[in-house]
Amino acid sequence: MAEPSCPRVIREVAPCLSFFQDDGPAKPSKRCCEGVTEVNGMAKTKKDRVAICECLKQTLNYIDYDPKRIPLLGKQCGLTIDLPPTGQNTNCSQVAY
């Protein structure tokens, strides 16, 4: 099975973009959490997780965001995933979530 497509990953996490910003809302929206849950379901293998990480890393490069807010998504959306604070220096080959 092919790894998750970047356009699909971005479509799912797009509702989270305001949450990722420094002055974003304290909690992610319901649509954001639904998208994160969908992306979590796509991350079946390490190769999938690396592809998702690389996609987020490349896409988030174009917006002003706080990488420290990304790890908050799992807990705030009720998921048992540990998302890394994805930024330009993130080594996606080492993601473990």
Side-chain angles (χ1 to χ4, degrees):
M1 190 169 198
E3 56 198 41
S5 75
C6 192
R8 182 167 178 216
V9 170
I10 297 310
R11 188 172 51 250
E12 297 295 344
V13 299
C16 302
L17 294 181
S18 64
F19 176 75
F20 292 155
Q21 296 171 341
D22 284 331
D23 58 352
K27 291 190 170 198
S29 69
K30 180 181 178 193
R31 286 193 62 219
C32 169
C33 288
E34 288 169 352
V36 171
T37 301
E38 186 69 26
V39 170
N40 185 47
M42 293 181 215
K44 300 195 182 318
T45 67
K46 180 167 178 84
K47 188 176 179 181
D48 293 342
R49 292 187 292 275
V50 169
I52 291 167
C53 176
E54 288 291 350
C55 175
L56 292 173
K57 183 174 157 180
Q58 292 170 16
T59 303
L60 291 173
N61 189 38
Y62 295 102
I63 67 166
D64 184 25
Y65 74 103
D66 181 357
K68 293 180 292 227
R69 291 183 63 99
I70 294 174
L72 301 175
L73 278 176
K75 182 177 182 183
Q76 294 207 4
C77 290
L79 299 170
T80 56
I81 58 172
D82 185 23
L83 298 167
T86 307
Q88 277 309 106
N89 296 324
T90 301
N91 182 348
C92 288
S93 67
Q94 295 181 347
V95 293
Y97 72 92

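All heavy atoms count here, side chains included; hydrogens, waters and symmetry mates do not. All figures in this text were calculated on a predicted structure; none of them were measured in a lab.
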Next on the checklist: Heavy-atom count check: over 12 atoms from other residues, nucleotides or ligands less than 6.0 Å from N91 CG?
Outcome noted: yes
Checklist entry - Does K27 reach the main-chain N or O of C77 with its side chain, forming a donor-acceptor pair under 3.5 Å? => result no
Checklist entry - At what distance, to the nearest 0.5 angstrom, does CG of L73 lie from CZ of F19? => result 5.0 Å
Item to check | P28 side chain near C33 side chain, heavy-atom distance below 4.5 Å | outcome: yes
Checklist entry - Linking I/L/V/M/F/W/Y whenever any side-chain heavy atoms sit under 4.5 Å apart, do Y62 and Y65 land together? => result no
Checklist entry - Can you tell me how far CD1 of I10 sits from CD1 of I52, rounded to the nearest 0.5 angstrom? => result 10.5 Å
Checklist outcome for this item: Nearest heavy-atom contact between V50 and S93 is CG2-CA, 3.9 Å
Checklist entry - Could you give the distance from CZ (R49) to SG (C92), rounded to the nearest 0.5 Å? => result 12.5 Å
Checklist outcome for this item: Across all chains, not counting sequence neighbours, the side-chain hydrogen bond (donor to acceptor under 3.5 Å, both in side chains) partners of T37 are none
Checklist entry - From D64 CG over to L17 CG, what is the distance, rounded to the nearest 0.5 angstrom? => result 12.0 Å
Next on the checklist: Does N89 have more than 12 heavy atoms from other residues, nucleotides or ligands lying within 6.0 Å of its CG?
Outcome noted: no
Checklist entry - Can you name the nearest heavy-atom pair linking A26 to Q76, along with the distance? => result O-OE1, 3.2 Å
Checklist entry - Does the side chain to side chain contact (heavy atoms under 4.5 Å, CB included) test come out yes or no for Q21 and R69, once each step is laid out? => result CA-CA 8 Å; Q21 296 171 341; R69 291 183 63 99; over 6 Å; no
Checklist entry - N61 versus K57: any side-chain heavy-atom pair under 4.5 Å? => result no
Checklist entry - Can you name the residues that form a side-chain contact (heavy atoms from CB on, under 4.5 Å) with K47, not counting sequence neighbours? => result E3, T45
Checklist entry - How close do A43 and D48 get, heavy atom to heavy atom, and via which atoms? => result CA-CB, 3.8 Å
Checklist outcome for this item: One should read off an interatomic distance between Q58 CD and C6 SG, to the nearest 0.5 angstrom, of 6.0 Å
Checklist entry - So how far is it from L56 CG to T86 OG1, rounded to the nearest 0.5 Å? => result 6.0 Å
Next on the checklist: If you apply the rule side chain to side chain contact (heavy atoms under 4.5 Å, CB included), what do you find for E38 with E34, and how did you get there?
Outcome noted: CA-CA 6 Å; E38 186 69 26; E34 288 169 352; over 6 Å; no
Checklist entry - Between N40 (side chain) and V36 (backbone), is there a donor-acceptor pair under 3.5 Å? => result no
Checklist entry - Are D66 and F20 close enough, and set up right, to give a side chain to side chain contact (heavy atoms under 4.5 Å, CB included), and what steps lead you there? => result CA-CA 6 Å; D66 181 357; F20 292 155; over 6 Å; no
